[in-house]
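Below is one structure; the comments refer to it alone.
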Number of protein chains: 2
Amino acid sequence: MPTSLQQELKMRRPFESREQEAALNLARTNDRLQIEFTRLFRQHGITPAQFNILRILRGAGEPLPSLEVAERLVTVVPGITGLIDRLERLELVCRKRPEADRRVVLVELTRQGRAVLAALDTPVLELHRTLLGHLSQRELRQLNSLLDKARAGLET
Amino acid sequence: MPTSLQQELKMRRPFESREQEAALNLARTNDRLQIEFTRLFRQHGITPAQFNILRILRGAGEPLPSLEVAERLVTVVPGITGLIDRLERLELVCRKRPEADRRVVLVELTRQGRAVLAALDTPVLELHRTLLGHLSQRELRQLNSLLDKARAGLET
DNA sequence: TCCATTTAATTGACATATCAATTATTACTA
DNA sequence: TAGTAATAATTGATATGTCAATTAAATGGA
């Protein structure tokens with residue numbers, strides 16, 4: 001019997017391996033979820049990458065060096081500069097050069113940055129429930145543990 | 001006990017819901033996998049999106065209209081034009097205007113396009129095994145079925 | 001038959017991901 | 001301490017994803 005994904009992709013043949021199916025399935029599912037979050041964030045004038053940076057900064061509780069932000073984002077280093085540029089233009093973060101080591105650029109949340117995050121907290125939680133709430137807690141636990149295990153094979 | 005993902009993201013607090021954890025987990029895991037495939041494709045001069053288009057065309061077994069390709073890609077329509085432009089410049093596909101309906105642009109694999117795909121078949125299968133082969137067949141089945149179920153909640 | 005509607009694809013504008021190469025600063029070492 | 005190596009960040013180039021708006025062709029109804 002063809003899998004649900006196979007039908008969705010209009011594939012004429014079955015997958016060549018379950019590993020392949022899982023990789024495509026992951027990509028597809030992630031795309032679908034991201035599209036919904038992208039829409040939500042846009043209503044508040046920001047993009048998913050920008051939201052992630054703001055959330056990281058709030059989570060850290062203190063200004064972070066650019067590269068530290070990039071690392072937590074899984075973003076390639078050069079990209080971080082433009083991201084922070086745009087956030088600064090939106091006045092959601094600001095840059096600071098510490099005297100101690102003038103190579104570093106610290107990124108700090110502004111009051112407005114905090115406000116945007118605060119406005120998004122509830123809608124984001126609700127969207128998570130809307131999108132994945134039809135899975136039971138047990139299924140979510142299983143899914144999380146399988147994903148953790150999948151990533152464990154990719155050292156680093 | 002903090003989850004594996006929570007540590008990886010250096011989060012100071014636990015996730016606010018398992019739904020949230022699953023969404024971030026999915027994004028993170030997908031990113032990691034995509035990075036590896038991007039590297040493999042680059043060695044053959046193409047990008048992941050380009051590979052997907054070539055694979056879709058081979059799978060279809062006949063030339064497809066641009067929008068049909070876009071739909072199977074989960075790509076927003078306007079993006080497809082540039083993608084096909086670049087593939088055409090690489091001479092991996094060609095465009096054709098059918099006489100029957102001159103609004104349509106059919107995209108067709110070239111011999112070189114087929115060759116690139118053929119060269120990638122084995123490496124791609126091997127990479128799937130390398131990245132996800134540490135999961136048992138039973139775990140992969142579970143993962144696939146959970147992902148199918150997750151997507152089922154997002155009616156197209 | 002003529003015009004409004006629909007459909008297929010494209011364009012232009014912006015945000016992002018990616019790489020290689022560069023600048024500025026600090027650290028190390030011979 | 002002079003000079004090289006390492007670190008933090010940036011720049012520039014290309015590819016992609018996203019939207020709104022446009023062009024070109026086909027369809028349908030009065």
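In what follows, chains carry the letters A, B, and so on, assigned in the order in which the sequence lines appear, proteins first and then strands, with residues in each chain numbered from 1.
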Between Phe37(A) and His128(A), does the ring centre distance come in under 6.0 Å? yes
Give the residues of residues 39-71 of chain A touching DNA chain C, defined as any heavy atom closer than 4.0 Å, sorted by residue number. Thr47(A), Ala49(A), Gln50(A)
Quick one: which residue pairs count as a side-chain hydrogen bond (donor to acceptor under 3.5 Å, both in side chains) with a foot in residues 109-126 of chain B, not counting sequence neighbours? Arg58(B)-Asp121(B)
By a strict heavy-atom criterion of less than 4.0 Å, which residues belonging to residues 99-106 of chain B are in contact with DNA chain C? Arg103(B), Val104(B), Val105(B)
What's in the same ILVMFWY side-chain cluster as Val105(A), cut-off under 4.5 Å, chained through other members? none
Could you tell me how far apart Arg97(B) (CZ) and dA9(C) (C1') are, to the nearest whole angstrom? 7 Å
Do any N or O atoms from the side chain of His134(A) and from the backbone of Lys149(B) form a donor-acceptor pair under 3.5 angstrom? yes
Here the gap from Leu57(A) atom CG to Glu68(A) atom CD, rounded to the nearest 0.5 Å, amounts to 10.5 Å
Any donor-acceptor pair under 3.5 Å from Arg18(A) side chain to Leu140(B) backbone: no
For Asn25(A), check side-chain hydrogen bond (donor to acceptor under 3.5 Å, both in side chains) against everything at least two apart and list the hits. Asn144(B), Asp148(B), Arg151(B)
On DNA chain C, does the nearest nucleotide to Gly79(A) precede the nearest nucleotide to Gly82(B) from the 5' side, or the other way round? Give the residue. Gly82(B)
The bend of the helix from dT1(C)-dA30(D) to dA30(C)-dT1(D), taken between the axes of its five terminal pairs at each end and rounded to 10°, is 10°
Once you round to the nearest 0.5 Å, how far does CG of Leu125(B) lie from OG of Ser17(A)? 5.5 Å
Which pairs with one or both residues in residues 45-93 of chain B pass ring-ring contact (aromatic ring centres under 6.0 Å, His included), sequence neighbours excluded? Phe41(B)-Phe51(B)
With a 3.5 Å distance limit and no angle check, can you tell me whether Glu88(B) reaches the backbone of Arg95(B) through a side-chain donor-acceptor pair? yes
Side-chain donor or acceptor of Gln34(A) paired with backbone N/O of Asp31(A) under 3.5 Å: no
Could you tell me whether Ile80(B) contacts a base, only the sugar-phosphate backbone, or nothing, with contacts defined as non-hydrogen atoms closer than 4.0 Å? nothing
Nucleotide interval of DNA chain D bounded by contacts with chain B (heavy-atom cut-off, under 4.0 Å): dA15(D) to dA26(D)
For Ile35(A), all residues meeting side chain to side chain contact (heavy atoms under 4.5 Å, CB included), sequence neighbours excluded: Arg39(A), Val74(B)
Could I get the full list of side chain to side chain contact (heavy atoms under 4.5 Å, CB included) partners for Thr38(A), not counting sequence neighbours? Arg42(A), Pro48(A)
Other cluster members, Val104(A) - Ile/Leu/Val/Met/Phe/Trp/Tyr, side-chain contacts below 4.5 Å: Leu106(A)
Here's a test of your reading of the structure: between Ile35(A) and Pro78(A), which maps to the more 5' nucleotide of DNA chain D? Pro78(A)
Gap between atom CZ of Arg55(B) and atom CG of Leu73(B) - 0.5 Å precision: 9.0 Å
Of residues 85-93 of chain A, the positions that come close to DNA chain C - non-hydrogen atoms, cut-off under 4.0 Å: Arg86(A)
